[in-house]
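Heads up: the structure comes next, in structure tokens.
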Amino acid sequence: MLYSEKVMDHFRNPRNLGTMEDADAVGEVGNAKCGDIMRIYLKIKDDIITDVKFITFGCGSAIASSSMATEMIKGKPVSEALQLSNKAVVEALEGLPAHKLHCSVLAEEAVKAAVKDYYDKNGIAYDKEQFKQGPTCACGDH
Amino acid sequence: MTEQKLIYVDNSATTKMSQAAVDAMLPYLAEFYGNPSSLHSVGQRAAEAITLARAQIAACLDCTPQEIYFTSGGSEADNQALLSAAMIGERKGKKHIISTAIEHHAVLHTLRRLQKQGFEVTLLDAHQDGLVRPEELAAAIRPDTCLVSVMFANNEIGTIQPIEEIGRICKEKGVMFHTDAVQAVGHIPVSVQKAQADFLALSAHKFHGPKGIGVLYAKKGIPLTNLIEGGAQERGKRAGTENIPAIMGMAAALKEACDHLDENAAKMRAMRDRLIEGLSVIPHSTVNGDHVKRLPGNVNMCFEGIEGESLLLLLDDKGICASSGSACTSGSLDPSHVLLAIGLPHEVAHGSLRLSLSEENTMEEMEYIIKAVPEVVAYLRAISPIWHDLEEGKKNHVI
Ligand SMILES: Cc1ncc(COP(=O)(O)O)c(C=O)c1O
């Protein structure tokens, strides 16, 4: 089997799947050419992520990684969500095949992009260094 | 929970062995274990079996038994054909090879190796319909062209090339011609005489034979270059004690396939056309490759806004075993080179689905697939940011 049982569980039964009409922040990363795009919606109250939703275009591990990431940040303070690492997502998923690790990086970046959107919308100052994105995709387009 | 029925529609990847092939192999695994190079009776029993198998395969391909070389499969046969032709060309100072952009990697990667050795390679355009144009081939042939290599039928989009015209052009211009017929043999009529081919590659596991065995046909008088040196097997051109069980299984499978070619093709064509008709109602979908010049069992479609691997996994959950040319399934970062070569944008090529049939599939299975695929596509679109953008008019539909 290509994927762990945990990955297949999150792929088959994604948590927090869907869009959000009244989101306080939205983050989207990835590109169609590379074959994966994640969009994460946040509902934030008193600096706590009270609700989170996602939609993803991509392979099994992309869908599972976004599902897991949303589960890991739900109910957490925004500052804590910012600390979510791709490694933590991979561990929670009980591993990803080496050539699928970029999916977990994308999940981390999707969360960061949503938080950045929240900060921008609310005029909250932040350290720009924290939101630097690495190249997640090497398909030659950028 | 009731046991789910398995629907195997990935026959271009590999096929289930036929009972005839299994039956032909078993005695040579259990009883007749001799080495055909041995002079004693046990060895000679094996040697006789190989002679018979070679004659049977030659009859199916319309050539002589002396023109059949057993290999470990399609890849080895392609490698040996190209490297042999290149050696012949090099001796004459001809170092230009023409092939197509949609060949199997067994051909493309061997050509890449030859390029590193100083050969020049021209890849013909396969156009949007996945078909090579003979006039473009004729125009590409140069005085220093030693070889033309064009696949008989494509493994992804199923398009059948105008092989006889290509063979005629090569003959007229005095250029050697190789055809990778791995997806064609046993499915559509293949005659090396009609194709006027100098080399042809086939692989047993694509027509209900065993894996790891194939044939290189090389026209009489053409000197082959060894890939494997050693004993004198295959008239000194491919060393190694013969895989007799596999050879026997291949011969039996090929005979059965050739005996039932027309009836099997008609059955598959009916199922193929029903599938294409039934799945084409999915909005923003497209059929890849020419509709007519197409393998009887090949369906290849793209669905906009979704990714192929997740499609395959969800279909697998519904008992449907298929394949895709998406990057995630090709094991590289790019989607299938074939889909890109026929002009599909990356994002569309990621959403491809190949269903490759065998005569053992049923119309009932096709109806199940026609119900299942639209459900999965609709679900994946509902959770796809690309699809949302397309629906909201933020992006334009490509197909
Ligand atoms: C067109 C084509 N050529 C070559 C091959 C390689 O054959 P084999 O798997 O026997 O090495 C395949 C099989 O995938 C094929 O489809």
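In what follows, chains are A, B, ... by sequence order, proteins preceding strands, each numbered from 1.
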More than 12 non-hydrogen atoms from neighbouring residues, nucleotides or ligands closer than 6.0 Å to [atom1] on [X], yes or no?
X      : atom1 : result
B:N396 : CG    : no
B:E364 : CD    : no
A:K121 : NZ    : yes
B:E392 : CD    : yes
B:E375 : CD    : yes

Polar side-chain atom of B:H346 near backbone of A:C34 as donor-acceptor pair, under 3.5 Å: no

Treating B:S310 as the side-chain partner and A:G60 as the backbone partner, does any N or O pair qualify as donor plus acceptor under 3.5 Å? no

Under 4.5 Å from a heavy atom of chain B, the part of [X] involved:
X     : result
A:Y3  : side chain
A:T19 : side chain
A:P97 : neither
A:I37 : both

At a 4.5 Å cut-off on heavy atoms, which part of B:A382 comes close to chain A: side chain, backbone, both, or neither? backbone

Nearest atoms (heavy-atom pairs only) where [X] meets [Y]:
X      : Y      : result
A:G35  : B:E307 : O-CG, 3.7 Å
A:C59  : B:E309 : CB-OE1, 3.3 Å
A:T56  : B:P385 : C-CD, 3.4 Å
B:H350 : A:F57  : CB-CZ, 4.4 Å

Flag side-chain contact, heavy atom, 4.5 Å: [X] against [Y]:
X      : Y      : answer
A:F11  : B:L314 : yes
B:D334 : A:K33  : no
A:I63  : B:L380 : yes

Once you round to the nearest 0.5 Å, how far does NZ of A:K53 lie from CD1 of B:I383? 13.0 Å

